[in-house]
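Worksheet: one structure, shown below.
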Amino acid sequence: MKSNHASRRRLLQGMAGAAALVALPRAAYAADPVKIGLILPMTGPFASTGKQISAACRLYLQRNGDTVAGRKVELILKDDTGLAPETTKRIAQELVVQDKVTVLAGFGLTPLAFAAAPVATEAKVPMIVMAAGTQVIPQRSPFIVRTGFTLPQTTSPIAGWAAKNRIKRVFTLVTDYAPGLDAEKTFHGKFKELGGEIVESVRTPLRNPDYGPFLQRAKDSKADALFVFVPSGEGLAVMKQFDERGLKQAGMKMIGPGDVVDDDLLESMGASAAGIITSFHYSAAHESPENRAYVDAMTKANPGMRPNFHSVGGWDGMHVIYEALRKAPNGTGEQLVEAMKGMKWTSPRGPMMIDPATRDVVQTIYLREVKIVNGQPWNIEFDKVENVGPGGV
Ligand code: DHB
């Protein structure tokens, strides 16, 4: 009798396990907490992305309360170390099956977002991409909504600026993975269309890059400008070689989307960053009441940290989650994604919209120049293009 009982219990446990693996969607009840599974690189070469986004998400909770639509909000932060897509995928599966998260969020790099997309689709769980910027990402799952940016969006305005500002010949350097190829394709396409010439283009490895030899080639090319895309965390290493090899002294201007002059690293770059011109969706120096309050709160909560563009991807990701829950308090994953489509709000970076067709961001892209203000380098905005969609201008 007793052993029969035990085997039945084991069977039932097995069945419960199998059911959990299928992760059938069900409506949430008012008392259920909202669990946000935040997957970020908290260690490794891209740890600054994780630090910035997790700090912004925590701040959002502090400022907006840890309850929304009567449900308690829990952040479950997991470190995927940034370089292994299989790890990101496994963590996403565990968060869905074991923790039964309401939403998956984070995703510091494109290959990691690609790896998690099928998990979101299978589990019917919204997946908020706060950082990764390759344009095609939201096409990988109908459950993806992006709150960061895309590379075509941030890159196309600088191509227009360069063509209009006596830059005729450009050497391009991008990191050799999907967002780098998006940046390269966008810049080449638009700059050539406007009459510019690409003198040479190089791609640097994502893992352990040595920028020295590439920057020497750039210098030897005698181009008018060097276009750079590297992911957040890499800018300082690029700047160091740009400096050491005397490209600025040789009269070469650095341009690109703003990842290379990331606010997280800009202070460490010091005066040598002055004069770099980029187009981007966020600068910590952006003048608005919302941004002043944001930078102030982020710096107070995280002494020594200047909030960067990835942080606002996290902040706005939390906003989208909160607002979707207000519209559909006990909504299924599908209903939450539906509630996010077409959402409009004012971010520290400016006006935002989630395009209902692509589930991607529409936002203002600013042209900025690094200037030294009160002894520190800042990305100072001098022009803007409004309502830029995920495909750029
Ligand atoms: C990606 C990551 C970054 O840190 C960045 O600045 C741009 C793109 C990415 O992997 O998609």
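Only this structure's heavy atoms are used, side chains among them; waters, hydrogens and symmetry mates stay out. Order of listing sets the numbers, starting from 1, for every ligand and every atom in it.
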(message) Using a 4.0 Å cut-off to any heavy atom of Phe229, which atoms of ligand 1 qualify?
(response) 7 (C), 8 (C)
(request) Taking side chain to side chain contact (heavy atoms under 4.5 Å, CB included) as the test, write out the residues that go with Ala274, two or more places apart. (result) Lys248, Ile372
(request) Give a yes or no on whether a salt bridge exists between Asp316 and Arg349, defined as a side-chain N under 4.0 angstrom from a carboxylate O. (result) yes
(message) Checking a contact table here: which protein heavy atom is nearest atom 11 (O) of ligand 1, and how many Å away?
(response) Thr110 OG1, 2.5 Å
(message) Regarding Arg306 and Asp263, does a basic nitrogen lie under 4.0 Å from an acidic carboxylate oxygen?
(response) yes
(message) Heavy atoms only, cut-off 4.0 Å: how does Pro231 contact ligand 1, side chain, backbone, both, or neither?
(response) both
(message) Just to confirm my output: which protein heavy-atom neighbour is closest to atom 9 (C) of ligand 1, and how far is it?
(response) Tyr177 OH, 3.2 Å
(message) Could you tell me, atom by atom, which parts of ligand 1 come under 4.0 Å of a heavy atom of Leu109?
(response) 9 (C), 10 (O)
(message) Between Glu338 and Lys327, does any NZ, NE, NH1 or NH2 come within less than 4.0 Å of an OD or OE carboxylate oxygen?
(response) no
(request) Say whether Phe46 and ligand 1 are in contact under the criterion: heavy-atom distance to a ligand atom below 4.0 Å. (result) no
(request) State the atoms of ligand 1, each with its element, that fall below the 4.0 Å cut-off from a heavy-atom position in Phe309. (result) 6 (O)
(request) Would you tell me which option among Gly108, Ala131, Ala132, Gly133 has the nearest heavy-atom contact to atom 2 (C) of ligand 1? (result) Gly108
(message) For atom 4 (O) of ligand 1, what is the closest protein heavy atom, and at what distance to 0.1 Å?
(response) His310 NE2, 2.8 Å
(message) Please determine whether a side-chain nitrogen of the Lys or Arg among Lys190 and Glu193 lies less than 4.0 Å from a carboxylate oxygen of the Asp or Glu.
(response) no
(request) Could you say whether the N/O atoms of Thr49 and ligand 1 ever approach to under 3.5 Å? (result) no
(message) Parallel, tilted or perpendicular: which one describes the rings of His319 and Tyr60, with boundaries at 30° and 60°?
(response) perpendicular
(message) Looking at every non-hydrogen atom in both residues, tell me the closest pair between Met42 and Ser54 and how far apart they are.
(response) CE-OG, 3.5 Å
(request) Examine the proximity of ligand 1 to Phe149 and report which part, side chain or backbone, both or neither, has a heavy atom under 4.0 Å away. (result) side chain
(message) Once you restrict to heavy atoms under 4.0 Å, what part of Phe280 touches ligand 1? Side chain, backbone, both or neither.
(response) neither
(message) Looking only at protein heavy atoms, which one is nearest to atom 6 (O) of ligand 1, and what is the separation?
(response) Asp259 OD2, 2.6 Å
(message) Under 4.0 Å between a side-chain nitrogen and a carboxylate oxygen: does that hold for Asp360 and Arg146?
(response) yes
(message) So, applying ring pair (Phe, Tyr, Trp, His ring centres under 6.0 Å) with Phe309, which one of Tyr366, Tyr282, Trp315, Phe280 is it?
(response) Phe280
